[in-house]
Amino acid sequence: MSAKPVVIVGPTASGKSSVAMAVAQAETSASSPIHIVAVDAMQVYRDMNIGTAKPTVADQALVPHHCVDLVDSHERFTVAEFKKSATIALESIAKENGRALFVAGTGLYLTAVIDDLVLPGEFPETRVAIEQELNTATLFARLNDLDPDAAQKIERSNRRRIVRALEVCIGSGKPFSSFGPGTSAYPDNGVIQIGLRWSRDKLAQRVADRVYAMMNEGLLAEVTALRNSKQGLSRTAAQALGYKELLVHLDGKMSLDEAVNETIIHTRQFAVRQERWFRRDPRIKWVSISEDPVAEIVPVVAKHLR
RNA sequence: GGUCGGGUAGCUCAGUAGGCAGAGCAUGCGCCUGAAAAGCGCAGGGUCACCGGAUCGACGCCGGUCCCGACCA
């Protein structure tokens, strides 16, 4: 990494983006402007704006943003592309003598960048061959044979992780575990991370409020347009919260009310999963918020940006 | 008013020819390297509507009460 960013982490609907905007505008030293980098697996897709809570055009005009709108919504996108884009963004920010402020909701993407995860590469033909085997237990046994260290860290029912580990072992000829300690190493990387923490009840309320607000802003129309586009949505984009559920509704398999309620539940669950991911990282400085994230957090972030 | 269903976990519902009460979802907790807004695991949770009866033993059988639904009048 060229320059050390300051990172704001927190679950969805915690108010990360508004904090970042406020910080960036408060710190308008012309010599070293703040750039916001979105570390978010869904804001990378163009034309998915309302449901991903993407920074608005107005916000993007006020403060330079990075890692937003990187690909079309029918395209495949993975951590590797993200890591590349974020690295390029950091370089260009450094070149402009700016300061990078990360707004991070996707833990894996953040780790990939700030802890410089080594991505072992992809081996598509190998993967296809592995996928032929339908019995996950058999795959697990094979992995346990090739790379016992990796197998030990994976639940034997987690087909997804088993397949990927096997893909790397067979494709690269080296054990998956030889590529590094993984996502839970938490090395001292010098990056300051500040976490926004809400009580569960308040966060749940904010999630529900935000989903209703998105509906009022026209999320249904946005999803309808994407659904009608010739290329459709990529596998990943089609799983985005709010989009996934509204697509089911548009297929006539669920009422609109149900789809909205499901979106609220799934978003709440996602927020909890994000909290669980981030709270394992001992390097994060947590700040509890009771009412107003901007008022309560901006001073903390600003202090670290000096 | 009558007949027939039904009342079991927060929700939707299984269940037992009487023998320690189940699933899915939700909730809590944990895991996480190319789909990560994804994926996987573990856990808590019940006066089986209420009252009485027969039985060694009742969520189940018998009698009554109260609720809900459908149909009939």
Side-chain angles (χ1 to χ4, degrees), chain A residues 10-14 38-45 48 50-54 71 73 75-85 104-124 126-127 131 136 139-140 147 149-169 171-172 174-186 200-201 204 207 210-211 214 233-247 258 261-281:
Chain A
T12 190
S14 61
V39 182
D40 185 297
M42 295 298 161
Q43 291 182 0
V44 300
Y45 294 110
M48 293 174 66
I50 298 171
T52 63
K54 192 179 288 174
V71 294
S73 53
E75 291 180 86
R76 189 175 112 94
F77 190 87
T78 73
V79 221
E81 282 84 55
F82 185 82
K83 190 184 173 193
K84 212 172 297 168
S85 298
T106 303
L108 176 63
Y109 285 13
L110 212 218
T111 309
V113 177
I114 68 173
D115 293 330
D116 200 23
L117 272 191
V118 175
L119 302 170
E122 289 189 291
F123 309 91
T126 308
R127 169 174 278 264
E131 296 275 16
T136 304
L139 292 178
F140 183 83
D147 187 354
D149 288 345
Q152 207 184 6
K153 291 172 69 178
I154 302 177
E155 275 140 345
R156 49 192 65 230
S157 50
N158 198 334
R159 182 177 174 90
R160 186 106 122 219
R161 292 184 61 209
I162 294 168
V163 168
R164 161 98 270 241
L166 271 177
E167 173 191 343
V168 172
C169 288
S172 73
K174 290 188 291 185
F176 185 51
S177 58
S178 70
F179 288 89
T183 54
S184 48
Y186 311 118
R200 279 286 160 82
D201 288 353
V207 164
R210 197 172 70 162
V211 170
M214 286 172 173
L233 291 174
S234 71
R235 182 170 60 175
T236 313
Q239 297 171 323
L241 294 164
Y243 298 82
K244 177 173 45 183
E245 295 81 2
L246 290 179
L247 285 170
E258 281 177 299
N261 282 330
E262 293 272 293
T263 300
I264 291 171
I265 291 171
H266 293 158
T267 305
R268 200 167 59 214
Q269 293 173 330
F270 168 55
V272 170
R273 234 180 302 133
Q274 287 173 300
E275 284 184 342
R276 293 210 263 255
W277 174 287
F278 289 124
R279 76 188 172 198
R280 297 165 60 213
D281 187 339

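All values derive from a computational prediction rather than experimental measurement. First the proteins, then the strands, lettered A, B, ... as listed; each starts at 1.
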(message) Taking the C1' atom in each of B:G10 and B:C66, what is the distance between them to the nearest angstrom?
(response) 23 Å
(request) Tell me whether the OP1 or OP2 atom of B:A35 has a side-chain N or O from A:R76 closer than 4.0 Å. (result) yes
(request) Could you check whether A:G121 gets within reach of a base, just the sugar-phosphate, or nothing at all, counting any heavy atom under 4.0 Å? (result) base
(message) Rounded to the nearest 0.5 Å, what separates atom OH in A:Y243 from atom OG in A:S73?
(response) 9.0 Å
(request) Would you indicate, yes or no, if B:U27 has its OP1 or OP2 atom less than 4.0 angstrom from a side-chain nitrogen or oxygen of A:R268? (result) yes
(request) Could you give the distance separating B:A43 and B:G22 at their P atoms, to the nearest angstrom? (result) 14 Å
(message) Checking contacts here: which listed nucleotide (B:C31, B:A38, B:C29) is nearest the side-chain heavy atoms of A:K244?
(response) B:A38
(message) Using the C1' atom as the point on both nucleotides, what is the distance between B:C50 and B:C59, in whole Å?
(response) 14 Å
(request) Using whole Å, report how far CD of A:Q274 lies from P of B:A37. (result) 7 Å
(message) With a 4.0 Å cut-off on N to O distance, would you call A:K174 and A:D147 a salt bridge?
(response) no
(request) Using only side-chain N and O atoms of A:Q269, determine if any of them is under 4.0 Å from OP1 or OP2 of B:A37. (result) no
(request) Would you indicate, yes or no, if B:U33 has its OP1 or OP2 atom less than 4.0 angstrom from a side-chain nitrogen or oxygen of A:T183? (result) no
(request) Report the nucleotide, chosen from B:C29, B:U33, B:A38, that has the shortest atom-to-atom distance to any side-chain atom of A:V272. (result) B:C29
(message) Can you tell me which nucleotide in B:G28, B:G39, B:G41 comes closest to the side chain of A:R200?
(response) B:G28
(message) Both distances below 3.5 Å, Watson-Crick or wobble geometry, any strand: find the nucleotide opposite B:G44.
(response) none
(message) Could you tell me how far B:C71 sits from B:G44 if I compare only their P atoms? Round to whole Å.
(response) 44 Å
(request) Looking only at side-chain atoms of A:E155, point me to the closest of B:U33, B:A35, B:G41. (result) B:G41
(message) What's A:F77 touching, base or sugar-phosphate or nothing? Going by heavy atoms closer than 4.0 Å.
(response) sugar-phosphate
(message) Base, sugar-phosphate or nothing for A:V118? Non-hydrogen atoms, less than 4.0 Å.
(response) base
(message) Any carboxylate oxygen within less than 4.0 angstrom of a Lys/Arg side-chain nitrogen, looking at A:E81 and A:K84?
(response) no
(request) Among B:U33, B:A37, B:A35, find the nucleotide with the atom closest to the side chain of A:P120. (result) B:U33
(request) Output the single nucleotide from B:A37, B:G34, B:C29 whose closest atom is nearest the side chain of A:R279. (result) B:C29
(request) Give one of base, sugar-phosphate or nothing for A:R164, where a contact means two heavy atoms less than 4.0 Å apart. (result) base
(request) Decide if atom CZ of A:R156 counts as having more than 12 heavy atoms of other residues, nucleotides or ligands within a radius under 6.0 Å. (result) no
(message) Mind checking if A:K83 touches a base, just sugar-phosphate, or nothing, with heavy atoms under 4.0 Å?
(response) nothing
(message) Quick check for you: to the nearest 0.5 Å, what is the distance between A:L110 atom CG and A:D281 atom CG?
(response) 8.5 Å
(message) Below the 4.0 Å mark, does B:G34 have OP1 or OP2 next to a side-chain nitrogen or oxygen of A:R160?
(response) no
(request) Would you indicate what A:G51 reaches in the nucleic acid, counting non-hydrogen atoms under 4.0 angstrom: base, sugar-phosphate, or nothing? (result) base
(message) Looking at B:A58, which nucleotide sits across from it as a Watson-Crick or G-U wobble partner, both distances under 3.5 angstrom, or is there none?
(response) none
(message) Students often get this wrong, so: under 4.0 angstrom with heavy atoms, is A:Y243 touching a base, only sugar-phosphate, or nothing?
(response) nothing
(request) Using the C1' atom on both, measure B:G24 against B:A14 and round to a whole Å. (result) 10 Å
(message) Using atom P in both nucleotides, what's the gap between B:G69 and B:A26 to the nearest angstrom?
(response) 28 Å
(message) Taking the minimum atom-to-atom distance to the side chain of A:Q239, which one of B:U33, B:G34, B:A37 wins?
(response) B:A37
(message) Is there a side-chain contact between A:S184 and the phosphate of B:C31, meaning an N or O under 4.0 Å from OP1 or OP2?
(response) no
(request) Using the C1' atom on both, measure B:G63 against B:A54 and round to a whole Å. (result) 11 Å
(request) Take atom C1' in B:C13 and the same atom in B:U8, then report the distance between them in whole Å. (result) 9 Å
(message) B:C29, OP1 or OP2 - any side-chain N/O from A:R276 closer than 4.0 Å?
(response) yes
(message) What I'd like to find out is whether the side chain of A:E167 reaches to under 4.5 Å of the side chain of A:E131, using heavy atoms alone.
(response) no
(request) May I have the distance from A:R161 (atom CZ) to B:A35 (atom P), rounded to whole angstrom? (result) 13 Å
(request) Would you please name every residue forming a side-chain contact (heavy atoms from CB on, under 4.5 Å) with A:T267, sequence neighbours left out? (result) A:T12, A:V207, A:V211, A:L241, A:T263
